[in-house]
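Right, one structure below, let's go through it.
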Amino acid sequence: MAEMQIAVETEQQPEQPGAPDVLVGVAGSVSSDDFRIRAEQIAAELRSGTGALRIVFACPGPLPEPPPASGESDGPPPTTVVSYQPPPSGAEFWSDVSANQRAVLALAAEINARACIVLGSDLAALQAQPIRLLTYAVLERQCALAMPLYPAGKYDGLINTGILSPLHRALYGKRVRFPVTYDFAASGAMCAHLARSEPRPESSHNGLLWPVAVAATQSPQSSIGQVHLDVHHQVVTAGLDLSAVLGQLAGSLFHEMEMDAAHWQRVRGSQAAPAWGSPPADEPGGEPIDPQPMLDSFLLGSKNLDEVWRLVLPPNTLLELRRLTRLAPDQFHMPDELWAGIVYDFALAWRLRTISRVHLLGALTPLYLGWVASYVREVAGLTRAAAEQRVELLARAWEMKKPYLLSRWRWPDRFNP
């Protein structure tokens with residue numbers, strides 16, 4: 001990647017009128033004192049370049065008073081830090097993230113920034129190199145949207161690996177590894193679309209922002225890129241129930257499917273998204289995970305939720321699931337095509353309101369854990385790079401299974417059990 005040099009807009013530069021080039025905003029509550037200190041440190045790193053880009057930093061207000069000027073004129077001027085009003089907190093963990101992301105994007109659109117970089121509230125990505133990479137993708141490579149490629153271990157983010165990423169790819173035809181994320185960048189024009197993407201209020205799972213879906217539906221030709229970010233977010237999971245987390249994430253994506261059906265039914269195949277930056281060095285991967293507890297949850301669900309699954313899944317799928325329950329633990333394997341079809345069937349049941357949506361998503365959890373048990377056993381001996389190749393095969397299977405989704409979506413009665 002070409003080296004990109006960035007200069008930083010400051011509060012004492014009236015000779016640089018007009019809108020900023022980049023707004024860097026943190027989507028979530030942070031200490032304004034800590035944020036200002038970090039912003040000034042990053043500004044010092046970026047200021048050493050020879051470019052002329054003007055960058056403004058934004059965090060939820062109120063802001064502390066900037067330190068008093070020392071009277072010295074030789075040092076760098078103070079960094080521009082502005083505030084925005086965060087929306088009221090919601091009841092679900094990711095809804096707050098998405099609401100704050102929209103607030104940052106709305107601020108960028110209001111001040112006519114050429115690009116907006118949205119970062120997570122743990123400040124893990126508030127570093128000079130991620131800002132350089134995201135800015136490069138949007139301003140130099142003309143991406144309407146730049147998404148992250150995190151150095152995730154093979155056991156990290158399995159809801160994303162097993163549902164969100166392959167389903168999003170099959171629907172919208174964009175090979176984006178992390179479709180719902182803490183960090184991303186958007187062009188000025190795309191900021192306005194993303195900020196206005198408030199979904200319908202009648203759904204209880206509609207608060208999430210899916211940038212790739214918005215970009216794909218607003219303009220199918222939108223350029224979407226990815227950048228390798230050496231960032232590890234600290235995801236707070238204490239006290240969070242798996243069913244609630246899975247329900248919010250999958251339910252939100254099912255809601256997007258319903259809203260965007262006219263678009264994704266015309267999409268065939270997928271396109272690779274160009275990537276910039278350096279991927280992490282390959283390594284064996286995380287500590288081994290015992291799949292037996294997940295398998296036990298799947299087997300228990302097959303006994304307790306059989307009547308619910310009968311309302312959602314076609315007979316052939318139910319037969320395959322019964323066959324899986326009879327396998328020895330060391331032989332347990334859920335085929336990719338079966339798993340993709342199960343999620344597609346649940347998406348259709350979400351649309352048709354076959355049963356209560358809360359109960360529907362709860363009934364998906366044991367099936368998801370069955371897939372996890374199969375996946376972690378399969379990738380246990382693989383390096384991280386080999387596991388990523390396995391993820392690619394999974395995503396292709398979802399694409400190959402999409403005609404099944406189209407048939408069920410258009411003619412649901414034909415497949416009723």
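In this text the structure is predicted, and so the values were computed from the model without any measurement. We number each residue from 1, following the sequence as shown.
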Checklist outcome for this item: side chain to side chain donor-acceptor pair (under 3.5 Å) filter on Tyr368, not counting sequence neighbours, yields none
Checklist entry - Would one find more than 12 heavy atoms of other residues, nucleotides or ligands at under 6.0 Å from atom NE2 of His359? => result no
Does a donor on one side chain sit under 3.5 Å from an acceptor on the other, for [X] and [Y]?
| X | Y | value |
| --- | --- | --- |
| Thr365 | Ser243 | yes |
| Ser95 | Gln248 | yes |
| Thr217 | Tyr172 | no |
| Arg38 | Gln127 | no |
| Tyr150 | Asp183 | yes |
| Trp309 | Ser302 | no |
| Glu320 | Asn316 | no |

Item to check | Non-neighbouring partners of Asp34 that pass salt bridge (Lys or Arg N to Asp or Glu O under 4.0 Å), sequence neighbours left out | outcome: none
Next on the checklist: If I take atom CD from residue Gln292 and atom OG from residue Ser297, how far apart are they, to the nearest 0.5 angstrom?
Outcome noted: 10.0 Å
Side-chain donor-acceptor distances from residues 393-401 under 3.5 Å, at least two apart:
unit_1	atom_1	unit_2	atom_2	d
Arg396	NE	Glu392	OE2	3.0
Glu399	OE1	Ser270	OG	3.4
Glu399	OE2	Arg169	NE	2.5
Glu399	OE2	Arg169	NH2	3.1
Glu399	OE2	Ser270	OG	2.7

